[in-house]
Number of protein chains: 2
Amino acid sequence: MLRVSRLTDYATVVMTCIAAHPADVLSTAQIADEARLELPTVSKLLKLLGHAGLVESFRGVNGGYRLARPAEAISLADIVEAMEGPIGMTECSVAQGQCDRQSQCGVSDSWRSVSGAIGGVLRAMTLAQMLAGRPTAPAKDATQVAQANA
Amino acid sequence: MLRVSRLTDYATVVMTCIAAHPADVLSTAQIADEARLELPTVSKLLKLLGHAGLVESFRGVNGGYRLARPAEAISLADIVEAMEGPIGMTECSVAQGQCDRQSQCGVSDSWRSVSGAIGGVLRAMTLAQMLAGRPTAPAKDATQVAQANA
DNA sequence: GAAAACAGTACCATTTTGGTCCGGTATTGA
DNA sequence: TCAATACCGGACCAAAATGGTACTGTTTTC
């Protein structure tokens, strides 16, 4: 199955938990409890999300995490890229020159195009929409357009 | 990186090779040679593609493989699903009831929506378009729509 | 009936993934 | 000042997935 890693899935859960308390700084323990995930796992996730600049961290007593910017300004693509690196469906969609068949390969352009379209789908879904928890219009529109063109 | 497996990538190369000779039945050896892939690997790919009904196989001397239907009627989604199973970005996008947090999980609907949109992107790209080897309009349109809505 | 070519299955090495733990450092507040 | 809280940065390990290969069987042609 074409899918994101389980940690990426967890990361979206964690991010929505944090987004649900916009005013507070939540400790790893609080987040783990709310997301119903193991504490060390959540700790690892938050570390990566922090490096990507999606959450702010505060050390010391009463420390914890908070969104680095409003939930409307964080997309699913941001979260996926924080966890898995650049979005690209094949090796050669991301790193050029890896594949010695590049010159005569007819499919790399197609894959690059598809990767771009999928990136667009992920950018269209914001954390705020995920928090609202209902199927969102933008992604549905993209589906319909793609299907209409198929 | 969010990506398909290398075998799926190879499968698209193999399929375009076969599609490039619509009138012929090609042996595994011929296809491996043209795709510049190892023969046992190509053999494995063709077996899976055959099970999915994307290629027809012929046994015996002068046997080999041929597209089961025109290249216009085979989508990238068909190939990806043949190699990796149903398209879904998370476990719970495909198999219900796996996750005991389903009831209070706010993100599963969003992931399902995104998975649907990505399926649409993959369905919009046909083997004929990949064979033509140029960036295709439909996928680009989907990107633009998604970005416009973001 | 011999050779060509696909079919099915099993196997193994490598990499990735998921998950855990530990020592270090910054902050707070008594 | 100092102890408690909590994040930081690694390292580490077991389990699963992936990629690749080999072998034996069956079908078809000549």
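Heavy-atom basis, side chains included; hydrogens, waters and symmetry copies ignored. Throughout, protein chains are lettered first and strands after them, A, B, ... in sequence-line order, and every chain is numbered starting at 1.
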Quick one: [X] [atom1] to [N] [atom2], roughly how many Å, whole number?
{"X": "A:L26", "N": "D:dT5", "atom1": "CG", "atom2": "P", "answer": "18 Å"}
{"X": "B:R3", "N": "C:dT17", "atom1": "CZ", "atom2": "P", "answer": "8 Å"}
{"X": "B:K47", "N": "C:dT9", "atom1": "NZ", "atom2": "C1'", "answer": "8 Å"}
{"X": "A:M83", "N": "C:dT17", "atom1": "CE", "atom2": "P", "answer": "11 Å"}
{"X": "B:D9", "N": "D:dG19", "atom1": "CG", "atom2": "P", "answer": "10 Å"}
{"X": "B:Y65", "N": "C:dA4", "atom1": "OH", "atom2": "P", "answer": "18 Å"}
{"X": "A:R6", "N": "C:dT17", "atom1": "CZ", "atom2": "P", "answer": "12 Å"}
{"X": "B:D24", "N": "C:dA5", "atom1": "CG", "atom2": "C1'", "answer": "17 Å"}

Report yes if a side-chain nitrogen or oxygen of [X] is closer than 4.0 Å to either non-bridging phosphate oxygen (OP1 or OP2) of [N]; otherwise report no.
{"X": "A:Y10", "N": "C:dT17", "result": "no"}
{"X": "B:H51", "N": "C:dA7", "result": "no"}
{"X": "A:N62", "N": "C:dG29", "result": "yes"}
{"X": "B:S57", "N": "C:dA7", "result": "yes"}
{"X": "B:S5", "N": "D:dA17", "result": "no"}
{"X": "B:T41", "N": "D:dG19", "result": "no"}

Quick one: label A:T28 by what it contacts on the DNA or RNA (base, sugar-phosphate, nothing), any heavy atom closer than 4.0 Å.
->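 A:T28: backbone/sugar contact only, no base atoms under 4.0 Å.
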Mind checking A:G64 for me? I need base, sugar-phosphate or nothing, with any heavy atom below 4.0 Å counting as a touch.
->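 Sugar-phosphate contact only.
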Whichever of A:K44 and A:V61 has its nearest DNA chain C nucleotide further upstream toward 5' |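 Here A:K44 is the residue nearer the 5' end.
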So which of B:L26, B:L54, B:I18, B:T41 actually passes side-chain contact (heavy atoms from CB on, under 4.5 Å) with B:L46?
->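 So, applying the side-chain contact (heavy atoms from CB on, under 4.5 Å) to B:L46 and each of B:L26, B:L54, B:I18, B:T41, only B:I18 qualifies.
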From C:dT20, C:dC6, D:dG19, nucleotide with atom closest to B:L7 side chain =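 Shortest atom-to-atom distance from the side chain points to D:dG19.
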Go through C:dC6, D:dC8, D:dT29 for me and flag the one nearest to the B:R59 side chain.
->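 Nearest nucleotide to the side chain: C:dC6.
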Does the side chain of B:H21 pick up a donor-acceptor pair with the side chain of B:E34 at under 3.5 Å?
->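 Note: B:H21 and B:E34 side chains meet the donor-acceptor criterion.
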Between A:D9 and A:R6, is there a salt bridge with N-O shorter than 4.0 Å?
->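 Salt bridge absent between A:R6 and A:D9.
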Residue mapping more 5' on DNA chain D - nearest nucleotide basis, B:G60 or A:F58 =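 Closest to the 5' end, via its nearest nucleotide, is A:F58.
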Okay, side chain of B:S115, backbone of B:M89: is any donor-acceptor separation there less than 3.5 Å?
->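 Judged by distance alone, yes, a pair lies under 3.5 Å.
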Is there a path of hydrophobic side-chain contacts, each under 4.5 Å between heavy atoms of I, L, V, M, F, W or Y residues, that connects B:L37 with B:M15?
->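 Yes, because B:L37 and B:M15 connect within a single hydrophobic cluster, where side-chain heavy atoms sit under 4.5 Å apart.
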